[in-house]
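Below: the structure, in structure tokens.
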Amino acid sequence: MPPSVVRPTADRPLAASPASGRRARVAVWFVAAWLPIMAVVPADAQGRGDRFFPGDVRWWIALDATPGRERAATDRIVDAFPVFRRDRFGNLVARKGSGPPRRVVACGLDQVGYVVSQITDDGYLRLHGSGNGRRHPLWDQFHEGQRIRVATLKGPVPGVVAVRSTHLWRRRQADSAIAGAEGAWVDVGARSRDEVAALGIAVLDPVSRDWPAWQFGAGLSAGPDHLDRGGCRDIALAAQAGPARGETVYIISVQSRFDWAGLGAALTALGRADSLTILDAELARGGGAAGTATTAPADGVIRREHVTLAAMPRGVTVGTVTAISAPALFAGTLVEAAGRPPAAWTDAVALATGAAPAPAAAQPEFVMTSPELDSTVIRGALPRPAVDSLSVTAALLTRLTNAYGASGHEEPVRAAVLAELPAWARAAAATDTAGNVVIAVGPDRDTVLIVAHLDEIGFEITKIAPDGVVSLRTRGGFFSSLWEGQPALLHMDRQLGGAGCILAAEGTPSRIRGVFVPRQAATVKQPPELTAWFGGDSAALAACGVSPGLSITGVKRATRLGATRFTNRSIDDRAGCTALILAMRTLDPAKLDRKVIFAFSVREETGLDGAAVLAARFGGSLRRVHAVDTFVSADSPLESPRFALAPIGAGAVVRALDNSSATPPDEVERVVRIAKAAGIPLQVGTTNGGNDGSVFARYGVVDVPLAWPLRYSHSPAELIDLVDVWSLGKLVAAVAVAK
């Protein structure tokens, strides 16, 4: 059985999120079971542990439904709950019982969202808001640099919302204004308007955040519009049994974000009702209605009585109108979170629907069972890319980018790299005291070292407050706004603690799920302090073995976009690691007439520390070093084309000048000749950032960085063209054997 509920008290309040510039306390609110009003569990869901089902609020959160485009979502609901019928406006309506009183209980299925408003000639999408209603002040910003889905008639199409590359704004004035929809550019991996059309995308297609099915703590779940989708879930479940007496009309309405137009249409068809209860967080808090009276939420339920809907149809008679909502953490954000609502919520919904009280022993229990990160079970599977000449590159890059390894915590990535090496390289591999992987082959002359780094950006815990909120320090350079209000993963560097650990693990027992705490209000783009919470207090974290110094990252999942594009966080520098592995797979070490050292370095993002150890060890014996790392490209509508303009898809890059090194012209020309002789597409350019090879210069070693172009650096939306990684692998192999 789940643990007992720890209720909010005077000394343990239920706080939503930090006020601007200060960290607020977040309460421990554990979850025991699901709502007692869930009277019917779908037969195929009982005992199933492989996916979530319509009794789970995450099933509802995953439904795409912008105003006027709810049909795909309502089709799924009708399949799961056949008691509902679709009216001519598109609402789902179920009627149970007969005689007085006639009750109506309703929710709004649709969400204020986005639609495609323009498709540009170079294959980007522009966005426009759809629907009215108040949103969190950072709502648009929560989507910047994140994964999205476009809901097309052919099915969902993945993409990312573009963001400025961190590297290209060093020493420049970055935006301080909060991001808005008017500045959003969506990248779906297309190169032209025709390629967008080939993906099935059209103007007015809905666009939403590609949200993982997120459970954390001891039964908390999080997601956009959690409360409202939970209300629709409760209505659908209550409709299975019907009222104890009288008649109840259950309405899951469409176009609620256009002044409840769908509900108005359903009420017009109905004509009259003795009571109308709307399960809606915005109405209950006072938005979207006039002439209301508010009751204090002393029992944990937020109520607004005597609600007057501006769009109430003429000729419809309704006795009383009440809006109710359960409490939530981080209300109005992407990480709006709740577990089991208070008992008063159960009573309020039962009163609104006229449900007969069920004996405690008969109350079924719903269990959140899915370990999945994505919501494709609900929204439909993403199209599988065709097997093509880039499939091997894509598969290797997927395995490496999906591994987690913040700077200083690279062990999972090191293990993933070692597993992918050819047999000869794995046998020769050694890990030095710094954690670098070194593979040295060939006769001891004319030595060249080729290095890529293992680590990625992330955070480390610096302090744990009594309520479990953890303070963070960054590991690497990036915009903290891209993590605010998003899912968080705490990495243990070992398995979780013993039986006393009740926090939700993710995929493996060495990771704990949580959220990055969003600000409640904001006037500037970047949060002054970013914190994270994992659904428990400091004692719960301690029981799992959590302590300062452990790393935290965001969630990631590799995905191919369009024909040749690829997105994931930590492509920097897993694409470099991929190129080294691809090159080693083509080499025969017995045929080498020089020494080649392949190295995978650690702690590059926090100061080139691993490379410094390599330079001290090998520097005096090297002829040249090739640091294989990102070329941060200005190939984005958000960047200035003044420099760093190496288009993705045009091939590998010689990173001839950056903030840490300059390559001699004759060495640049040498690489150009090697690439030309091998038929490898190659670009030459200058960008910002540093590279591992620069620390070898003080030993007299020439640094010739090799790279691939990347958009949206150090963000969850990093995006490349697989052709460039393939060409980089060919280039690494060529320079390894070139005279």
Side-chain angles (χ1 to χ4, degrees), residues 164-172 174 407 448-453 455-457 476-479 570-577 579-580 599 601 603-612 614-615 619 622 624-636 639-648 650-672 675 682-715 718 720 724-725 727-728 731-732 735:
R164 284 176 166 167
S165 290
T166 304
H167 298 76
L168 299 185
W169 288 86
R170 291 174 181 171
R171 305 178 184 174
R172 299 165 67 186
S407 194
V448 60
L449 186 143
I450 306 173
V451 59
H453 68 84
D455 56 318
E456 64 191 79
I457 58 172
F478 50 87
F479 299 130
S570 73
I571 295 176
D572 174 11
D573 185 28
R574 307 298 160 69
C577 296
L580 265 64
S601 68
R603 300 191 300 282
E604 188 271 351
E605 299 292 1
T606 52
L608 313 181
D609 296 340
L614 294 173
L622 300 179
R624 63 175 58 87
V625 60
H626 294 288
V628 183
D629 204 345
T630 308
F631 184 95
V632 179
S633 176
D635 181 22
S636 158
E639 309 293 359
S640 167
R642 179 179 61 85
F643 80 115
L645 188 58
I648 70 171
V653 188
V654 178
R655 186 167 151 172
L657 174 67
D658 62 21
N659 300 126
S660 67
S661 69
T663 303
D666 58 332
E667 290 286 347
V668 173
E669 289 302 316
R670 176 178 178 272
V671 175
V672 170
L682 183 67
Q683 307 177 76
V684 177
T686 174
T687 189
N688 279 352
N691 70 84
D692 271 340
S694 63
V695 297
F696 289 79
R698 67 179 67 106
Y699 297 93
V701 182
V702 176
D703 179 19
V704 189
L706 307 177
W708 74 95
L710 173 136
R711 294 174 178 167
Y712 326 130
S713 71
H714 282 195
S715 83
E718 288 183 348
I720 60 166
D724 300 331
V725 180
S727 68
L728 182 61
L731 182 62
V732 170
V735 299

Solution key, residues 662-672 side-chain donor-acceptor pairs under 3.5 Å, sequence neighbours excluded:
residue: Thr663; atom: OG1; partner: Asp703; partner atom: O; Å: 3.0
residue: Glu667; atom: OE1; partner: Arg624; partner atom: NE; Å: 3.2
residue: Glu667; atom: OE2; partner: Arg624; partner atom: NH2; Å: 3.2
residue: Arg670; atom: NH2; partner: Lys739; partner atom: O; Å: 3.2

- Atom NE2 in His453, atom CG in Asn691: separation rounded to 0.5 Å? 9.5 Å
- Item | Pairing residues for Asp629 by the salt bridge (charged side-chain N to carboxylate O under 4.0 Å, His left out) criterion, not counting sequence neighbours | none
- Message: Using 0.5 Å steps for rounding, measure from the CZ atom of Phe478 to the OG atom of Ser165.
- Response: 15.0 Å
- Task: Go through the structure and list residues passing salt bridge (charged side-chain N to carboxylate O under 4.0 Å, His left out) with Arg711, not counting sequence neighbours.
- Result: Asp187, Asp635
- Say you draw a straight line from CD of Glu456 to CD of Glu605; how long is it, rounded to the nearest 0.5 Å? 9.0 Å
- Item | Those residues that, when tested against Glu604, pass salt bridge (charged side-chain N to carboxylate O under 4.0 Å, His left out) (two or more places apart) | none
- Task: Run through Ile571, Asp572, Thr630 and flag the one making a side chain to side chain contact (heavy atoms under 4.5 Å, CB included) with Ile720.
- Result: Ile571
- Got a donor-acceptor contact below 3.5 angstrom from the Arg655 side chain to the Gly690 backbone? yes
- Can you list every salt bridge (charged side-chain N to carboxylate O under 4.0 Å, His left out) pair that touches residues 682-693, not counting sequence neighbours? none
- Task: Go through the structure and list residues passing side chain to side chain contact (heavy atoms under 4.5 Å, CB included) with Ala644, not counting sequence neighbours.
- Result: Leu168, Phe631, Ala634, Thr687
- From Ile648 CD1 over to Ser636 OG, what is the distance, rounded to the nearest 0.5 angstrom? 9.5 Å
- Query: Okay, side chain of Gln683, backbone of Pro647: is any donor-acceptor separation there less than 3.5 Å?
  - Reply: yes
- Here the gap from Asn688 atom CG to Leu657 atom CG, rounded to the nearest 0.5 Å, amounts to 9.0 Å
- Heavy-atom distance under 4.5 Å between the side chains of Val735 and Leu706, does that happen here? yes
